[in-house]
Protein chains: 2
Amino acid sequence: MSWRKETRRAERGYHHGNLKEALLQAALGLIAEKGAAGFTFADAARMAGVSPAAPYRHFRDREELLSSIAQRGFEQFEALLTQAWDDGRPDTVTAFERVGKAYLAFARNEPAFYSAMFESGLPVDANPTLMAASERAFGIIRAAAERLAALAPPGTPRPPAMMMALHIWSMSHGVASLFGRGDAARRKLPMSAEDLLEAEVLIYLRGLGFPTDRRPAAADQKPSGPPPVPPAGPWGTPK
Amino acid sequence: MSWRKETRRAERGYHHGNLKEALLQAALGLIAEKGAAGFTFADAARMAGVSPAAPYRHFRDREELLSSIAQRGFEQFEALLTQAWDDGRPDTVTAFERVGKAYLAFARNEPAFYSAMFESGLPVDANPTLMAASERAFGIIRAAAERLAALAPPGTPRPPAMMMALHIWSMSHGVASLFGRGDAARRKLPMSAEDLLEAEVLIYLRGLGFPTDRRPAAADQKPSGPPPVPPAGPWGTPK
DNA sequence: CGGCTCATGTAAAAGCCGTTCACATGAGCT
DNA sequence: AGCTCATGTGAACGGCTTTTACATGAGCCG
């Protein structure tokens, strides 16, 4: 029996022992449930079994708790994007699309973090730590764009990597915000958010001159290996 | 001296005369100032010079006021998009891009409406009237995409208009959300949000096979007339 | 072990907000 | 003139945020 030294039992005595962490977890659950706006400091305290004033020993105010969550969110986000990018393996275009999908997956699987990070209205640029975490996450997208830009087909002007990164970011964020959430503000879609974004990115990359129809950028990585399943095109099979 | 029969003078007697409208205006200002989350029912009442209970004669609760504002927002949004689209004049691609810019302009110029419509977390799909207004606004983008899809270059499979519309919407929304606001959550950009979106849409359209470098789709409208200023490409002059 | 100290938690209170209800007012109609 | 009902008021309830004074006990020092 693993007796985690945690929020088990209300008779934990006067001192909680791990309140800060418990509050963060409680808040995460509450935000996922009722949105960043509906989340309540007092509720988190109640859920942790402490008085409404206790949280103030660990967070200056409600906003700082939110910031902490956003901070963690950006860190997890960065980790997820890093993993998705996987340093561009097996090939740059494939990895690039995986990053886009990871963005969506994060929005869908971690609505609380996503909400705190992008929809809570907290001033990201006012908090240097938060800002830095945000920049690091975006840095992954930017690094991926850098690699992709370097593979621009010869003869065409090379697209600025920063611009590409911003474009990919805005596409991912737009799709995630409009269609990628569990049930809030959902709209009827003829396709999944994932497919929508994938097609969008593919069309965009094609617009930059990247070959995307068959094996993408075969000269990119080691030229051997089994060819991935060739997609029929950016929007399924044209009938 | 135009004595508008409005919120002039506090001595308006027991009855305000135009409270509903005054509340909407007050709320609009407050939301623009402090965000949809920070906006307060009591504050709106105070600003209109009535007691905190008065608004309940005109709105079931705070959320209904927010809904009303979102409703109006979608209507103005639709009007703006309609005007920008201008039935595809002078040519489809130009008008299409104008729609994208109008989206951005709306987000920038009407932050309160935009906030209520997209960032307030209100359940759009739970309110049929609101939903309908939202659909009508999106309908403009969809109609524009329809016209554009019909012009797809021969020989290539014709892209589904709905998909194009969703793509354009997500791009516009993504750029607007991330970079297009006054000062909240602003990020440093190497270019304006407008230019960023324009380049994004151009690259996307090119990816669909539309000619966008010189005179866009010259065969689209009346073939004569002065050629518009030819853009150097989607991302300025390659140096 | 005894005692000190300080981080951590509590209780109470002030001020705000949303919401409701009984009541007041007066605009508009007959 | 008088009636009626939409519209506004005041007071009250419960909940939230935040502050302040006080309580507790974990960890350290001798």
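Throughout, a chain's letter reflects where its sequence line sits, starting with A, and its residues are numbered from 1.
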Residues A/A137 and A/L81: closest non-hydrogen pair is O-CD1, 3.8 Å

- Message: Could you check whether B/F113 and B/F74 have their ring centres less than 6.0 Å apart?
- Response: no

Here the residues of residues 51-58 of chain A within 4.0 Å heavy-atom distance, strictly under, of DNA chain C are A/S51, A/A53, A/A54, A/R57, A/H58

| message | Categorize B/G17 for me: base, sugar-phosphate, or nothing, with a 4.0 angstrom heavy-atom threshold over every strand shown. | response | sugar-phosphate

5'-most to 3'-most nt of DNA chain D touching chain B (<4.0 Å, heavy-atom partner on protein side) reads D/dA6 to D/dG10

For B/R72, the side chain to side chain donor-acceptor pair (under 3.5 Å) test, sequence neighbours excluded, returns B/E21

Separation of C/dG15 atom C1' from B/D43 atom CG, nearest Å, is 14 Å

Quick note, B/R62 side chain, CB onward, closest among C/dC17, C/dT10, C/dG18 is C/dG18

Residues passing the side chain to side chain donor-acceptor pair (under 3.5 Å) test with A/E63, sequence neighbours excluded, are none

Between CZ of B/F59 and P of C/dG18 the distance, given in whole Å, is 14 Å

Separation of C/dG9 atom P from A/F41 atom CZ, nearest Å, is 12 Å

B/A44 meets the side-chain contact (heavy atoms from CB on, under 4.5 Å) criterion, sequence neighbours left out, with B/L23, B/A26, B/L30, B/F39

Sorted by chain and number, sequence neighbours left out, side-chain contact (heavy atoms from CB on, under 4.5 Å) with B/A143 holds for none

Interatomic distance, CG@B/L148 vs CZ@B/F96, rounded to 0.5 Å, equals 5.0 Å

Taking the six-membered ring for Trp and the single ring otherwise, decide whether the centroids of A/Y103 and A/F77 are under 6.0 Å apart. yes

